Amino acid sequence: MNDQTPIKEVDLNKQSWTSPKDKSDRFIPRNVQSNLYQLFMSEENSQGTLYNNLLQSSILGKQPAVNQKLFNYKTENKQNEMNKIINNGLQFSATPTKVEPEKPPRKINKRPYKILEAENLQDDFYLNLLDWSPFNALAVGLENSVLIWSGHTSKVSRLCTLEDPDMVCSVAWSQRNQHLSVGNSMGEVEVWDVTKQKVIRKWNGHQGRIGSLAWNNYLLATGSRDRNILVRDVRSPNESIQKYVGHKQEICGLKWSFDEQLLASGGNDNKLFIWSLKNQGELTHFSQHQAAVKAIGWSPHSHNIVASGGGTADRCIRFFNTQTLEQADCIDTGSQVCNLMFSKNSNELVSTHGYSLNQIIVWNYNNMSKVATLTGHTQRVLYLSGSPCGQNIVTGAGDETLRFWNVFPQSASKNDHGITRAETIDLR
């Protein structure tokens, strides 16, 4: 590889944009009229007679002459509701009720606010080559090199270059400090102190490439093609403190729960395993997926909910409850699910997709309706990470581009390091 940094900024002003079809915007219905109004306007009510009778009953104390046929509703609910109105009378208030203004739908920009060209970004479903740190630094694995893009300065630096024929297979930042773990094709993992530019831990133990990494405080879980998961304490130079065995094929996804007690792993055997740190072994596993499980996301709002996505033969996002140990919901997305991530600022999540649509979808978790569909990548969107502020995401694809999107609402906290200005950069 030449000395020139393989990440370059793209000038968005020179980009040719095609407007995607506006089919996926969130629809917010008009305020529903009151049940009372709906009853009075029913075609089975006579022209205002019922309303006048009820007014007399409530204000003057007169008993209305009730036409029994008038209340011959088709459902028992309507009869009960009308009886309640007659028995209680109409309630009037001296002060008018405030009408809340209708909230406008949240608009999501369909264009990325930044694009980085990432030369030689691998198109491999089983790798995880992109991660955004809590300190606003983006790590990218490109062939045998790891590069760091600074969200503060927009500058790119090379952290390390592995010796041939070794390749970078995964990168993951610690959530506590500026330590970056790097998994390689030789079954080794290195932990770098990025500030000091040196390796502080190096472990063997796997017999195949390490495509998945996940931090939990000082613990680092590594998933490999050898079908095993090793959990190590970065404070100790010793070997793994726990080993999880259960998958029958390569492990391609790892995520710790937000309460740091459970580890979810997805594999090429179409299985989603849940491991208990406390019990040092398997809690349960789910077999509903019909293809490889790489996409995994835990809910930050309900810690017992984990979502997973299946590959091309499955195309589904499935939600599992780790308390009841059952599937809670399932939705067919129509294309390969590559990544999942819940918003920490709202009850939404984002998924990225491969064959055949290569899109990014923002979902309302309450009803799994589409808030927005983002397009632009020309190959499957294999990589996803979120910004420290929780508003922005970065996606990577086999088209050798990284695209930055503003998709989630702003956090209530002011102490974040999010990037909000629109610009583009290249990682070369």
Side-chain angles (χ1 to χ4, degrees), residues 1 120-131 139-148 158-174 179-194 198-216 218-256 263-273 275 277 280-282 292-296 311 338 382-383 396:
M1 180 179 296
N120 299 319
L121 182 62
Q122 295 188 63
D123 183 27
D124 191 326
F125 182 79
Y126 301 98
L127 306 186
N128 292 275
L129 299 174
L130 184 66
D131 199 26
V140 186
L142 299 177
E143 290 188 325
N144 64 341
S145 296
V146 176
L147 294 104
I148 308 295
R158 189 184 302 270
L159 177 66
C160 64
T161 300
L162 307 182
E163 295 182 2
D164 290 334
D166 204 357
M167 302 288 286
V168 177
C169 297
S170 54
V171 294
W173 288 98
S174 166
H179 290 171
L180 178 71
S181 56
V182 179
N184 64 31
S185 59
M186 308 298 288
E188 301 169 337
V189 59
E190 296 178 344
V191 178
W192 283 77
D193 185 323
V194 176
K198 70 175 186 178
V199 177
I200 60 174
R201 286 286 179 267
K202 184 174 182 178
W203 290 301
N204 298 308
H206 284 293
Q207 303 304 312
R209 68 180 184 181
I210 300 174
S212 301
L213 301 165
W215 284 89
N216 178 2
Y218 292 107
L219 300 179
L220 176 64
T222 58
S224 171
R225 181 178 271 177
D226 67 8
R227 302 169 296 179
N228 297 325
I229 299 170
L230 300 179
V231 180
R232 300 176 171 101
D233 191 325
V234 73
R235 296 168 296 183
S236 171
N238 300 325
E239 281 304 303
S240 61
I241 61 173
Q242 291 188 23
K243 181 178 182 179
Y244 302 147
V245 180
H247 283 284
K248 303 302 182 183
Q249 293 190 41
E250 180 172 8
I251 295 164
C252 44
L254 283 178
K255 286 288 171 59
W256 288 99
L263 176 67
S265 64
N268 197 38
D269 55 3
N270 310 344
K271 300 291 193 299
L272 176 73
F273 275 78
W275 310 93
L277 181 63
Q280 301 187 25
E282 178 186 342
V293 180
K294 176 188 180 183
I296 301 173
C338 301
L382 296 176
Y383 310 112

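For the numbers below, each heavy atom of this structure counts, side chains included, while hydrogens, waters and symmetry mates do not. We count residues from 1, following the sequence as given. Not measured: the values here are computed from a predicted model.
Here the closest non-hydrogen pair linking Q122 and M167 is NE2-CE, 3.8 Å. Contact detail for Q280 and Y244: the closest heavy-atom pair is C-CE2, 3.9 Å. Contact between L127 and V168 at its shortest, heavy atoms only, is CD1-O, 4.5 Å. In terms of heavy atoms, V189 sits closest to S181 at CG2-CB, 4.4 Å. Minimum heavy-atom separation, A139 to I148: CB-CD1, 3.9 Å. In this structure, A221 and L263 approach most closely via the heavy-atom pair CB-CD2, 4.0 Å.
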Item checked: Audit row: D123, L382, side-chain contact (heavy atoms from CB on, under 4.5 Å) steps and yes/no -> CA-CA 7 Å; D123 183 27; L382 296 176; 3.1 Å; yes
Notebook entry, point to check: Hey, mind stepping through L220 and V191 against side-chain contact (heavy atoms from CB on, under 4.5 Å) and telling me if it holds?
Noted result: CA-CA 10 Å; L220 176 64; V191 178; 4.2 Å; yes
Next item on the list: Might you work through the side-chain contact (heavy atoms from CB on, under 4.5 Å) test for R232 and V234, ending with a clear yes or no?
Entry: CA-CA 6 Å; R232 300 176 171 101; V234 73; over 6 Å; no
Note to self: Walk me through whether S265 and W275 qualify under side-chain contact (heavy atoms from CB on, under 4.5 Å).
What the structure shows: CA-CA 8 Å; S265 64; W275 310 93; 2.8 Å; yes
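By the 4.0 Å N-to-carboxylate-O rule, D269 lies too far from K271 to be salt-bridged with it.
Looking only at side-chain heavy atoms (C-beta outward), N128 and L213 stay at 4.5 Å or farther from each other. Considering only heavy atoms from C-beta on, R227 stays 4.5 Å or farther from V245 through its side chain. In this structure the side chain of W203 never reaches within 4.5 angstrom of the side chain of T222, judged on heavy atoms.
Rounding to the nearest 0.5 angstrom, the gap separating the CG atom in L254 from the OG atom in S224 is 10.5 Å. Interatomic distance, L180 CG to C160 SG, rounded to the nearest 0.5 Å: 8.0 Å. Separation of atoms CD (E163) and CG (N184) is listed at 11.0 Å; rounding is to 0.5 Å. Annotation: the span from E190 atom CD to R201 atom CZ amounts to 13.0 Å, rounded to 0.5 Å. Atom-to-atom distance recorded for D124:CG and L129:CG is 8.0 Å, nearest 0.5 angstrom. Here CG of D226 is found 13.0 Å from CD of Q249. Values are rounded to the nearest 0.5 Å.
Within 6.0 Å of atom CE in M186, 12 or fewer heavy atoms from other residues, nucleotides or ligands are found, so the atom counts as exposed in its surroundings.
A donor-acceptor pair shorter than 3.5 Å can be found between the side chains of Y126 and N268. A donor-acceptor contact closer than 3.5 angstrom is absent between the side chains of D166 and N144.
Here D193 pairs with nothing under the salt bridge (charged side-chain N to carboxylate O under 4.0 Å, His left out) rule; sequence neighbours left out. For the side chain to side chain contact (heavy atoms under 4.5 Å, CB included) test, residues two or more places apart in sequence or in another chain that qualify with K198 are K196, I200. Every residue two or more places apart in sequence or in another chain was checked for a side-chain hydrogen bond (donor to acceptor under 3.5 Å, both in side chains) with Q207, and none qualifies. With sequence neighbours left out, the ring-ring contact (aromatic ring centres under 6.0 Å, His included) criterion links W192 to no other residue. Scanning for side-chain hydrogen bond (donor to acceptor under 3.5 Å, both in side chains) contacts around S170 gives an empty result, with sequence neighbours left out. Taking the salt bridge (charged side-chain N to carboxylate O under 4.0 Å, His left out) definition, one finds that E250 meets it with R209, R225, sequence neighbours left out.
Judged by distance alone, with hydrogens and angles left aside, the side-chain atoms of S212 form no donor-acceptor pair with the main-chain N or O of G223 at under 3.5 Å. Q242 contributes a side-chain N or O that, together with a main-chain N or O of L277, makes up a donor-acceptor pair within less than 3.5 Å. Between the side chain of K294 and the backbone N or O of F125 there is at least one donor-acceptor pair closer than 3.5 Å. Using modelled atom types, no side-chain atom of K255 and backbone atom of A264 make a donor-acceptor pair closer than 3.5 Å. Using modelled atom types, no side-chain atom of W173 and backbone atom of H179 make a donor-acceptor pair closer than 3.5 Å.
Just one residue in the list V171, V146, L130 forms a side-chain contact (heavy atoms from CB on, under 4.5 Å) with V140, and that residue is L130.
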